[in-house]
Amino acid sequence: MSEDKKYKRIILKLSGEAMAGEKGFGIDPTVVYSLAKQIKEVVEHGIEVAVVNGGGNIWRGLSGYNKGMDRATADYMGMLATVINSLALQDALENLEVPTRVQSAIEMRQIAEPYIRRRAIRHMEKERVVIFAAGTGNPYFSTDTTAALRAAEIEADAILMAKKGVDGVYDSDPAKNPDAKKFDTLDYIDVIQRHLNVMDSTANSLCMDNSIPIVVFNIDEPGNILRAAMGEEIGTLVGGKK
Ligand code: UDP
């Protein structure tokens, strides 16, 4: 392959919402299939891909907690939601003949491998897409933090943060403020100090401490996963060099 690749190994963070389609909740297999097609393109360009799925299209721990549930229990439910999304994505990828492995941070041997770092790296070297399910396996964390943690562990070159309805990071909400300004690049510290909507602060700190670039881009535009993975200047780049 003659193309100049900026990244050799990436983590794609897909929010639960990205799997939901029009309704905004649940799983739309057509949407998942189109995501899988885009992921396949990235693999075909020789880039190693791991995916971290969110679960917000099914359940978020904090919503249950705010309505009186035990926080840890509600969070474990959220982690299970990410497993459902991971299996849906695996199904779509395998339909397209992309070999995949789901690795779960909570053991469930009948449907997923346990998370084993070295094995995950080996799979990626063999051009298999690894889907990290069940978050970090710990309550009080998010799948953004999972993406940051796994990126550090497997030495990914970047995290691609796929966002719905927005094409990067703005200084204010572009849906509410027509004068909102988009950033092409940002430092991690600006994200924290200005409370910008990139990832939560735990995840952002982990990326900062380990110098992991974050590419924030719009998932609604077909082909954007490949563009971001190839290092095209789309969206906003946090903590990296354009
Ligand atoms: N979660 C957790 N620990 C983790 C990752 C996720 O407890 O390490 C739970 C948490 O309740 C969270 C839910 O799983 O609300 C779904 O993940 P997230 O909200 O990050 O999904 P997204 O917003 O990306 O769809």
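All values reported here derive from a predicted model rather than from experimental measurement. Both counts, for ligands and for their atoms, begin at 1 and track the order of listing. Residue numbers run from 1 in the order of the sequence given.
Cation-pi contact between Arg150 and Tyr115: present, with separation from the ring centre below 6.0 Å and deviation from the ring axis of at most 45°.
Side-chain contact between Ile219 and Asn224 is absent, with no heavy atoms from C-beta onward closer than 4.5 Å.
Contact annotation: for Thr146 versus ligand 1, heavy atoms closer than 4.0 Å belong to the side chain alone.
The nearest protein atom to atom 5 (C) of ligand 1, hydrogens excluded, is given as Ser142 C, 3.4 Å; this is a heavy-atom distance. Among protein heavy atoms, the minimum distance from atom 24 (O) of ligand 1 is reached at Lys13 NZ, 2.8 Å. Distance from atom 15 (O) of ligand 1 to its nearest protein heavy atom, with residue and atom name: Gly61 N, 3.2 Å. Among all non-hydrogen protein atoms, the one lying nearest atom 13 (C) of ligand 1 is Gly78 CA, 3.6 Å. Nearest protein heavy-atom contact of atom 23 (O) of ligand 1 is Arg60 NH2, 2.8 Å.
With ligand atoms numbered from 1 in the order given, ligand 1 contributes 22 (P), 24 (O), 25 (O) to contacts under 4.0 Å with heavy atoms of Gly16. Of all atoms in ligand 1, numbered sequentially from 1 with element shown, those under 4.0 Å from a heavy atom of Gly56 are 21 (O), 22 (P), 25 (O).
Here the shortest heavy-atom pairing between Thr146 and Ser142 reads OG1-O, 2.9 Å. Heavy-atom minimum distance, Ala36 versus Ala92: CB-CB, 3.6 Å.
In this view, Glu221 satisfies the salt bridge (Lys or Arg N to Asp or Glu O under 4.0 Å) rule with no residue, not counting sequence neighbours. Judged as a salt bridge (Lys or Arg N to Asp or Glu O under 4.0 Å), and not counting sequence neighbours, the contacts of Arg122 are Glu125.
The residues Glu17 and Lys164 are annotated as not salt-bridged, no charged nitrogen and carboxylate oxygen being separated by less than 4.0 angstrom. Asp171 and Arg194 are not joined by a salt bridge, as no carboxylate oxygen comes within less than 4.0 angstrom of a charged side-chain nitrogen. Using a cutoff of 4.0 Å between basic side-chain nitrogens and carboxylate oxygens, Arg9 and Glu155 are not scored as salt-bridged.
Remark: ligand 1 and Phe141 share an N or O pair separated by less than 3.5 Å (distance only, no angle test). Taking only nitrogen or oxygen atoms, main chain and side chain alike, Gly54 does not reach within less than 3.5 Å of ligand 1. Polar contact check, Leu14 against ligand 1: no nitrogen or oxygen pair lies under 3.5 Å apart. For ligand 1, the polar-atom distance check against Pro139 finds no nitrogen or oxygen pair separated by under 3.5 Å. Looking at ligand 1, you'll find an N or O of Thr143 within less than 3.5 Å of one of its N or O atoms.
The heavy atom nearest to atom 3 (N) of ligand 1, out of those in Asn138, Asp200, Thr136, is found in Asn138. When the heavy atoms of Ile106, Asp75, Val52, Leu149 are ranked by distance to atom 7 (O) of ligand 1, first place goes to Asp75. Of all the listed residues (Ser15, Gly55, Ala81), Gly55 holds the heavy atom that lies closest to atom 21 (O) of ligand 1.
You'll find the ring centres of Phe183 and Tyr170 outside the 6.0 Å limit.
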